[in-house]
Amino acid sequence: MFELIAQHPIPAALVALGGLAIIFGAVLGFAAIKFKVEGDPIVEQIDSLLPQTQCGQCGYPGCRPYAEAIANGDTINKCPPGGQTTINAIADLLDVEAPTLDEEHGEESDTRTVAYIREDECIGCTKCIQACPVDAILGAAKQMHTVIVSECTGCDLCLEPCPVDCIDMLPVEKGLADWKWNLPPSAEEQIKALRPGDIIASDQDSGDQAA
Amino acid sequence: MRKVWDLIGGVHPPENKHQSVQESIGTLPLPEKLVIPLNQHIGAPPKLLVSAGDIVLKGQPLAEPKGMVSVGVHAPTSGQISEISDYPIPHPSGMSARCVTLIPDGKDEWIEHKGTDNFRDKTPEELLDIIRSSGISGLGGAGFASAVKLSTRQPISTLIINATECEPYITADDMLMQERPEAIVEGIKILSYILGEPDEILIGIEDNKPQAYEILESYLEGTNIELVEFSTRYPSGGEKQLIQILTGKEVPNGGLPADIGIVCQNVGTTHAIQRAIVHGEPLFSRVTTVTGKACSTNRNYQTLIGTPISHLLEYNGFDQSQCSRLVMGGPMMGLTLENPEIPVIKTTNCILAPTEDELPTPPPAQPCIRCGMCAEACPASLLPQQLFWYAQSQNYERLEAHNLFDCIECGACSYVCPSNIPLVQYYRASKGEIRKLAAEKVNADRARQRFEFQKARKEKEEAAKAAKREARKKAAEQARAKAANTRTSTEVSPAATGATAKSSAADDIIKAAMARAEAKKASPEEQRAKLERGVVRAESHLETVEQRLQDLDSEATDKQREQAQAAIEDARLRLEDAQSKLKAAPEPKPDKAKEVMAKVQASPKEALEKKIATLKDRINVTEEKIAEAEDDALKAALQKGLEKQQEKLRDAEQQLTEAPAESTTAISETEDAAATAIAKAQAKAAAQASMSDEEKLRANVTSLQTRLKKAQERLIVAEEEGSNHIDALRTGVEKLQAKLNSAETELSELS
Amino acid sequence: MALLKLTSPHAHTAQSTADVMKLVLLATIPGLVALTVFFGWGTIINVFIAAAVALICEASVMGLRKRPVMFYLKDNSALVTAVLLGLALPPLAPWWIPVVGTFFAIVIAKHLYGGLGYNPFNPAMVGYVVLLISFPVQMTAWPAPAPLYPAEIDVPGLWQSLQIVLPFFNEALTGTVSGSIDAYTAATPLDTFKHNTGLLVEQLYKKDPLFNQGSWAGIGWEWANFAFLAGGCFLLYRRVFTWHAPVAMLVSLTLCAALFYDGGSSSSHGSPLLHLLSGGTMLGAFFIVTDPVTSATSNKGRLIYGALIGILIFIIRSWGSYPDAVAFAVLLMNFAAPLIDNYTLPRTYGHKKSRKATEKKDEGP
């Protein structure tokens, strides 16, 4: 055997290389099937981070189209309802630097609002029903309309088409059930509260959080 | 001696219990007003039963449970309801909630109530009902509805009575055990009976209550209840912790004690259950410890639910200048009250008014040095320092991976923290935030679903419209092709193709109908069998209806009889219809022409009507076209078409009028078959009663009037909707009007 | 008085972080005394210089970070770092050795990483390693234990020690060039073993005065280690830390040493007793390894952390180029601590098994 190889070095080398190629090919082929990565779920992942208000403030007709646009390279700071939290989450997902919200598309607001139809003023034109991206307005032609509060995303797309301006965006009232504890104030804030005379600035954002 | 397991972690803060056990449980004079919050527990708020101004008696329910996990409230004394309004309640938020304000009248007059002499006479379900209607919720901790906790599906092998009272300062349960051991033991027996006599009944008690232990032990002789003492260590009184100490078992994550065959009840709750079942007394008062150095006397009181805390403090020499904070509950888990007017609720086991020396204001938190003392103290074996780290950086994923939701918020970690970090607040805030995010996620998912559904719906609508357009275009093309073929022979101007296109569209419809008929023909045997079944069904239906008429005895009102007659008539018609259909149904080898004939025979009226309607439609369309058309040639061509159509229409109408007698009123009659049937029945009934001609006529007139009215209504509706049948309806109405007029004149001539 | 609105718990133990740090400082006193008795005033001088520099650095960094200076100075953490570094440095090292080391420890290793609680590496050990790598000559010049001084040389007193440590000061004051430390240095027990060729352990112990005047691991060194052990036991008793990390470290070091003792042959790496009681073993075990900020968090994790430090110490001592290895071993394991944490979460009540910190999916509601 050994002699045979020694006598015919070139065919032996070719056989050996061929054999290795077959073995590795088989291994790679097996791995490709066994450890197959499912599709490209990046759009799904971005979509799941967006607030789903479907407000279109980003310039796309809904959250999913915007998610698709981001996947295709659009900037991630066009979503005012999601605000900085959403931008950070998407930046985290895409492993990019988190930009600040693009003011062009609107401002972030702290309070959640829902649409409210002043029902005696409603003329039943169904324009808002057609504008609502999540079918959260009930009503029929010449009948009074009303908003299903639990389904309203607060996108305010219904305000503009209303011919009699009978829709208001009202902040959602916070009850006992919504109440939650806040994080305690930092030591600096506490010290400041104790001795209001001292001037103590906080560099919390650049200092502690970085570590 | 029973084996007890060690509490994992835990701390031993100064007990400070001796101050409040010097005197027996006292009672206070009635306060000026009682403010009873409706929702004092986890679960749905109860349904209010009273309104402002009502006079209520002691023990009268003010609100009844609504839903499964809900607890009612009862009037603690007699008096008048002054208002039902939002009032600050004991809650960490300091927010207000719905409360009933009761002004006691001082009579303390009981509502009628009675207890059960022997609880074993009742079934456990009945006892659970009493517990539920007595408004009993857990008096130890979160105030969960007791009846819900006791109605377990799993078999229970161990009943644990929690007499631990591990929090410093609180002695309410201790005093209760010392003073009312008999009632507690009876309560335990009731619980045991309800739970189907578990194998083991254990009372868990810490070794810092030797008096209660001795007294209780003397009452336990001859029972299968075991009193188990273990060393004092906070938080051994937590339900999960107590179960672990007494049985060595752990309540599985996300589960309930019942999942491992254990039910745990607080000793105070046990007492309340005994009161409710043996004495019929709902839960409207409890033992509350008033303690702390800012009060000159420290003592336990039998307190009415709704008593303002200021009332309790007032009778105990409260010095507000000494007091830095007011705590409801113990120093480890109690919540601070910003307002002493807040009322006592069912879970208020202690009012603690400490001085600044006792519970100093916490200094600012220092950085966490991860010393790990908190991890040593944690009874749930969590890593509080890591939780704090992630809570600070709001890394919710890691927090959940570190089992944040297994934290029972006992406060042992904060207690030992050398850096004075309010760890529990970090955890509470994080839990709240995670719950909020989860809720938002649910909402977002729903919004996404709705949005996508709407998108799909709109796409479908769009697709349907596009398909229609496509079909029309195709038909037009076909027509054009046809027209091109015939152009050579019959010099039709190109504009006329529009009209032919229309008619070819109609051809399409006919073709489709024919295709359908063909499909039906495909299985003639089946078709026949189906129709035969229909006939049999109709026959049997007729029989039952006739039977019903016979059953109606002489006393039955005319109206009933009429109804029955109408039903018979209806059934007969149906039978006829079915029979004719059967006849018309193709023989195994049917002739197409025959079939069509049969169909026409079966419902000539309907076919004609349909034809008329279609024709009218077409005429309308053509008329519109004429109006729009500018070219004279086109107009002429269209006019020609119109005339042809009108002719056809006339033919059809002619046919319709020539149809059997009843067809004269065909339109209105088919519109209102029931009315006809009724009219007929009325007529028959009239004949039976051998009415005079005059009466007959009168009846006729009335029936005509109703029919007219109905037809008019229909016409109005049709007009509003812009229906195609307006004309037909209008004719119907006119005819009816004429008939009615003639009938009326006849009637007037007669009389 | 307005009523406070606070979250529970309202009760609190009296012990504060500053108290914990004070306890640690207190526990170093026996070791400090033992070192002073055997190696002269050098250690005390080191500790004082380091403490002064640490406080200055801490205060200035806090000032620069615009934080309340006194509030953070009062937590005594900078002092602890300084004292531990001072104890680890060779006595009679020139003044700038503790200055540079402390500056590095406080400014670079602690505050540049975010300050107390945020530093991934033990600041004192960072300072020590920076010095050891940068100034190996000064850092390996240990004076001989006092009983081993030749008859003609006196043990340097406080004044003389100060003259050696602060030469410029002496020159300015007296105009004479002060004596050098070289006159007093001698090999440490670990050095002796490292450079031993051809002698059986027994022969070495008989021949070398370092061992034949001592009992187990070299005169002076063994007592200094006992003193640190005593201080550590005091802290254990006061529950400042748990036993897991130090015990694991000592046990693993002992086991390694026993495994490679080789019956006391000439290629032996020394007996377990030698390893336990010489060099910085006890100081490391009870004052460095137990540093909560940089060690593993769970008890299980601390066992692994400590044990691996013990093994690393033995490996570096035996086969590395530095005679002692506590600082390197600790820093290497500081790297590994987060990884250990990830896999050693304790089993939470009610859960069937413990989870990994990086686990994504929640296993239940």
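- In this structure, A:Glu103 places its CD atom where more than 12 heavy-atom neighbours from other residues, nucleotides or ligands lie under 6.0 Å away.
- Considering CD of B:Glu409 and CH2 of A:Trp181, their distance stands at 9.5 Å, rounded to 0.5 Å.
- Judged by distance alone, the side chain of B:Gln454 and the main-chain N or O of A:Cys132 form a donor-acceptor pair under 3.5 Å.
- For A:Glu160, the CD atom counts as loosely surrounded, since its 6.0 Å shell holds 12 or fewer non-hydrogen atoms of other residues, nucleotides or ligands.
- Atom CG of A:Asn88 and atom CD of B:Gln394 lie 10.5 Å apart (nearest 0.5 Å).
- Proximity to chain A is absent for every atom of B:Gln366, based on heavy atoms less than 4.5 angstrom apart.
- Of all heavy-atom pairs spanning A:Pro184 and B:Tyr426, the tightest one is CG-CE1, 3.3 Å.
- In this structure, the portions of A:Pro133 lying under 4.5 Å from any heavy atom of chain B include both its backbone and its side chain.
- For a residue to count as touching a neighbouring chain, one of its non-hydrogen atoms must lie under 4.5 Å from one of that chain's; by this rule B:Ser96 touches chain A with the backbone only.
- Proximity to chain B involves both the backbone and the side chain of A:Ser48, based on heavy atoms less than 4.5 angstrom apart.
- Rounded to the nearest 0.5 Å, atoms CD (A:Glu151) and CD (B:Gln449) are 10.0 Å apart.
- For the atom pair CD (A:Gln54) and NZ (B:Lys455), the distance works out to 8.5 Å, reported to the nearest 0.5 Å.
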Please step through side-chain contact (heavy atoms from CB on, under 4.5 Å) for the pair B:Arg448 and A:Asp47, ending with a clear verdict.
CA-CA 9 Å; B:Arg448 180 187 298 123; A:Asp47 192 32; 3.1 Å; yes
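- Judged by distance alone, with hydrogens and angles left aside, the side-chain atoms of B:Arg450 form a donor-acceptor pair with the main-chain N or O of A:Asp135 at under 3.5 Å.
- In this structure, B:Asn443 and A:Ser150 approach most closely via the heavy-atom pair OD1-O, 4.4 Å.
- The local environment of CD in A:Glu107 is sparse, with at most 12 non-hydrogen atoms from other residues, nucleotides or ligands closer than 6.0 Å.
- Heavy atoms of B:Arg435 lying under 4.5 Å from chain A are absent altogether.
- More than 12 heavy atoms of other residues, nucleotides or ligands lie within 6.0 Å of NZ in A:Lys180, so this atom counts as buried by the packing criterion.
- Within the 4.5 angstrom heavy-atom criterion, no atom of B:Ile421 approaches chain A.
- Taking both residues in full, the closest heavy atoms of A:Leu183 and B:Ala391 are given as CD1-O, 4.0 Å, listed atom of the first, atom of the second, then distance.
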Take B:Met95 and A:Trp179 through the side-chain contact (heavy atoms from CB on, under 4.5 Å) test and state the conclusion after the steps.
CA-CA 9 Å; B:Met95 282 175 162; A:Trp179 182 85; 4.1 Å; yes
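- Of the two parts of B:Tyr427, neither the backbone nor the side chain holds a non-hydrogen atom closer than 4.5 Å to a non-hydrogen atom of chain A.
- Neither the backbone nor the side chain of A:Cys152 comes within contact range of chain B, judged by heavy atoms closer than 4.5 Å.
- Your options are B:Glu433, B:Glu440, B:Lys431, and the one with the most heavy-atom pairs under 4.5 Å with chain A is B:Glu433.
- Using a 4.5 Å cut-off between heavy atoms, B:Arg446 contacts chain A through its side chain alone, with no backbone atom that close.
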